[in-house]
Every structure is written in structure tokens, then in C-alpha cells.
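This report refers to the structure that appears directly beneath it.
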Amino acid sequence: MELRWLEDYIALARTRHFSRAADEQNITQPTFSRRIKLLEDEMGAVLVDRNTLPLSLTAAGELFLQFAERTASQLRNTQEQLQLALSEFGER
């Protein structure tokens, strides 16, 4: 699983629209849709109900959103802390 897949999923959950979320993530809609499908395959669950407009998250998708938000936030915080620590030591 890739961090960008989590970020894509969070954008989709926020916008409830594949094209808008793809625009937000600066990728094409087909690429964005493929990433979401890969994420669902990786998780072994349907996360998005594509039969509703605006789209909705499945029960599994709602649960996964909590995980995705926590994980993405923790990773961003870790990256920031690591960069600060490295700059103190003059490393990159």
C-alpha cells in the first residue's frame, strides 16, 4: 500500500466525487479510479458505493477512512520530525 493511495482515498471521502478528487490530487480521473480500485483490492473490501450520487462510503469504507486519516497524519508528522532531527545534525 502506498501513502498516496491513502491520500487519494481521503480526498475521495471528502469530495464524494471521483473527478473532483482526482483534480485535487493532480492526476487523471482514470488513474485516480485505478488507485482506488487497487486500494480496495489490497484491503479485500469494497470501500466506495459507486451506485450513489454523490458517492458514499460503505461501512468498511467508513472504518477504513479513520485508519487512513490517522496513518497519513502520523506519517506526515514522522516525516516532519525526522527532517527537523536531521537538520539539527546537519544531515539530509
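Side chains included, hydrogens not; waters and symmetry mates left out as well; all remaining heavy atoms used.
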Can you find a pair of side-chain heavy atoms, one from Q25 and one from L12, that are under 4.5 Å apart? no

Value rounded to 0.5 Å, distance of CG in D8 from OG1 in T31: 10.0 Å

May I ask you to check whether T78 and Q74 show a side-chain donor-acceptor distance below 3.5 Å? no

Interatomic distance, CG@L82 vs CG@N77, rounded to 0.5 Å, equals 12.5 Å

Under the 3.5 angstrom rule, does the side chain of R50 hit a backbone N or O of V48 as a donor-acceptor pair? yes

Please check if atom CZ in R16 has more than 12 non-hydrogen atoms from other residues, nucleotides or ligands closer than 6.0 Å. yes

Which atoms form the tightest heavy-atom contact between V46 and T58, and what is the distance? O-OG1, 2.7 Å

Consider ring-ring contact (aromatic ring centres under 6.0 Å, His included). Of F64, F32, F67, which one does Y9 pass it with? F64

Find out if a path of hydrophobic residues (ILVMFWY) with successive side-chain heavy-atom gaps under 4.5 Å connects L63 to L57. no

Please report the interatomic distance OG1(T28) to CZ(R34), rounded to the nearest 0.5 Å. 6.5 Å

Sub-3.5 Å donor-acceptor pair from the side chain of T15 to the main-chain atoms of R20, do we have one? no

Would you say that L39 contacts R35 through its side chain, given a criterion of any heavy-atom pair below 4.5 Å between the two side chains? no

Backbone N/O of A11 and side chain of E24: donor-acceptor pair under 3.5 Å: no

Side chains of S19 and Q29 in contact at under 4.5 Å (non-hydrogen atoms): yes

Inspect the contact between D41 and K37 and indicate whether a charged nitrogen and a carboxylate oxygen are less than 4.0 angstrom apart. yes

For a 4.5 angstrom cut-off between non-hydrogen side-chain atoms, does T71 reach L3? no

As an exercise, state the distance from OG of S33 to CD1 of I27, rounded to the nearest 0.5 Å. 8.5 Å

Rounded distance [0.5 Å steps], CD1 in I36 versus CH2 in W5: 10.0 Å

Any idea which heavy atoms bring N51 and D49 closest together, and the distance? N-OD1, 2.9 Å

Are E7 and R76 within salt-bridge range, i.e. N to O under 4.0 Å? yes

Under 3.5 Å donor-acceptor, S87 side chain and L84 backbone: yes

